[in-house]
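Letters go in sequence order (proteins before strands), and every chain restarts at 1.
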Amino acid sequence: MIGQIVKKQALILLRNPIQILLLVGLPIILIAILSTALGGMMMGGGSPNIHVKVALVEHGDEEEEIQRFLGELEDEGMPREAIKEMETGIEQMAPVSMLKDEVFGSEEAREFVELHEVEATELTEIWDDNSYTAVVEVPENFTYESLEYLVLNHNSQPVLEVSQNDEQQIGPMIVNEILTQFQEQLTLGAFLQKNGIEQGAIQVDEGIFTGEALTLDQENPIGSQEYYAVGMTVMNVLFIASTIGTIAFMEKKIHVFDRIILGNVSRWEYFIGVLLSGTLFSFIHLLIVYGFSWIVYGVKWPNLLSFFTVTASLAIAIGGIAVLLTAISYRFNSEMITNFFSGIVVTLMAVLGGSFFPIGDSSAFIQMLGNLTPNGAGMSSYLMILRGDDIGEISHHVLFLVLFAATSIIIAAISFPKRGRAV
Amino acid sequence: MLELVDLSKKFKQMDAVKNLNMFIEKGEIIGLLGPNGAGKSTAISMLSSLIEPTKGDVRFQNKSMIKHPAPLRKVIGVVPQEIALYEDLTAEENMRFFGRIYRLRGTQLKKKIDEVLEQIGLTDRRKDIVKTFSGGMKRRLNIGVAMLHDPEIIIMDEPTVGIDPQSRNYILETVKRLNKEKQMTVLYTSHYMEEVEFLCDRIYIMDKGNLIASGTKDEIKRILSAEKTISIQAERWNDEFIEELKQNPTVNRVTVGEKEITVIIPKEVNMFSAIIRMAENADMELHSVDVQTPTLEDVFLHLTGRALRD
Ligand SMILES: Nc1ncnc2c1ncn2[C@@H]1O[C@H](COP(=O)(O)OP(=O)(O)O)[C@@H](O)[C@H]1O
Ligand SMILES: [Mg+2]
């Protein structure tokens, strides 16, 4: 019986090609428009919404390490004269100062990056402070080893320890890009040095804050197409809920629901039919739009298990909304709630959830609110999957989605009118 | 076999149906007649277990159906007043869905669909989307869907509202044929007097939630047996004339319509010449004066002082 109800809902939906086009075609078009139109702004320096707070911790002492390096050169028997001459060049090459003054301190970066130099003792506090986008730790001997690498061609290049706030979406991308540029800068420096080119000739590239983002660690970068593929899909899937709600209320309005009840079908079978339609159609919708994004925009999922877990949870949450809208409209015998949802609530939830721009990066509070919407929780998880996080790291979002669905279903079941009330 | 006992429904302060008593026996065609808002649909919704009565009982084979309506639901086919069909699906898809709702499947369902489509004359339109149907075709399908599970009792709520005369005749003939050939019991609701007169063995007349008359056609008309109806037609009315009619002690009731005045008088009184004289006195030109045999319309008029259709 439930299967019959789902099948019939599907048939009605399929008979409305315009509806289908809006549900599936619209997000695909929006992804294209937004990722080209807003992509530059999102990554560029002009956006006032992006605010990146970075903590820098130096475990070593750059000045001391430079002196130690110079001392070592002397020990190795390099003539004093030559060392004296090198000293100015080396001062210029000091990597940590370069990071602070020329990279994070450049005019472009200063527009949205706020660099805080903190002591190692303050670190525990910073880990708990969600407003930080990233913590950059300069390990002991970083300068020393960098100079060894750059000047003497020793060993390999030492690395900075970068910890990122995974709750934020765009911020980490920017930090990664900056640091990558920095690292390339150092490598380039080594190259120039080896080829005897004057260090002063090196300038930090002015254009580093535009274009595709890159990340430092092994994780994947997120581009604007991926961002909007996720943003538009999780927003549009919300309309499945209102579409199912509208069909269900139509059944009451034209008394088809009466006929179903007269066939000795329990209202709970109908209820579950609506829930399953909402869930199943949302799942299919997500697969179609993501499938399209994959083919057309090249948005690939590094971990399919995580992807399907999030997709299924999000679909159940949407099914929950569908049955909730249905129950409330049945109770009040009015379609108003469904129209209000599709007309206003979806947009609000989409903005909060970060579908249009990473609103959560500017405030931890908004970020929390955003993650309390099903689309927002879905979006955060999808972006984390794209970045390469594994399933354990998204589990709290998945749990939220399932709880959200359960709550919606329970409220819907309580408000679904009993026989005789449904006039 | 089906009985309504003191059935009542209140919507807030409004009595939609008050103490309705009614019974239906196997093989009968029962008419439920009344103007819009009389409470017919409300009565039918209670009877068919869609809404709970405020008071009273629905009894099927001497068992109350209020708490556990499943046995009743199995044997009734309800044709709602509205077109309760999926407009986006085809006739056949609608039938298949509702057939499945009634737990028909496979060849049995297929056979039944073919049979019903034949009965309602939609066999050649079975693959068409309902949206493209005329009003009459939709009404026919609306009836057909209620017949898929071979109900013993079919309950029709104004099944001919808003359709062309041909479709209407077709439906009336179909109902009559189903009753004759399959001994189907029918409860037929309408505000069209002539439909009920044509179809029904027994008739219940409702007005403003109350049952105002019931019985066979003849029994009901006998309410008027002591009276007769004179219908007067004229170009325009003169107040003096109307006043004189109303003042006349032998006249039971005067109803003034737009082109027609209806006068109800005792059967034995002859008022023909008196009416002509009154018109002359009032300087009014008459078109016609007819003495009529009573219709159900007259009964309604007699009982309520209002025409059935305003
Ligand atoms: N759900 C409802 N809520 C309030 N009033 C109603 C409802 N349904 C019907 N009514 C009122 O009850 C009266 C009888 O209605 P109904 O049974 O539809 O009459 P009929 O079918 O004879 O035209 C009408 O006055 C109508 O307005
Ligand atoms: Mg009615």
Atom pairs and distances, donor-acceptor, side-chain atoms in residues 13-20 of chain B, under 3.5 Å, two or more places apart:
| unit_1 | atom_1 | unit_2 | atom_2 | d |
| --- | --- | --- | --- | --- |
| B/Asn19 | OD1 | B/Ser8 | OG | 3.4 |
| B/Asn19 | OD1 | B/Lys55 | NZ | 2.8 |

- Answer yes or no for B/Lys138 and B/Phe133: cation-pi contact, defined as NZ/CZ to six-membered ring centre under 6.0 Å and angle to ring axis within 45°. no
- Note on the structure: Tested for salt bridge (Lys or Arg N to Asp or Glu O under 4.0 Å) against B/Glu92, the lone hit among B/Lys127, B/Lys112, B/Arg125, B/Lys110 is B/Lys127
- Message: Taking side chain as everything from C-beta outward and backbone as N, CA, C, O, which of these in B/Asn142 sits under 4.5 Å from a heavy atom of chain A? Side chain, backbone, both or neither.
- Response: both
- Message: With a 4.5 Å cut-off on side-chain heavy atoms, are B/Phe60 and B/Leu72 touching?
- Response: yes
- Query: Taking every heavy-atom pair that is under 4.5 Å apart, which of B/Glu93, B/His149, B/Arg96 has the most such pairs with chain A?
  - Reply: B/Glu93
- Note on the structure: So, the part of B/Thr54 with a heavy atom under 4.5 Å from chain A: the answer is neither
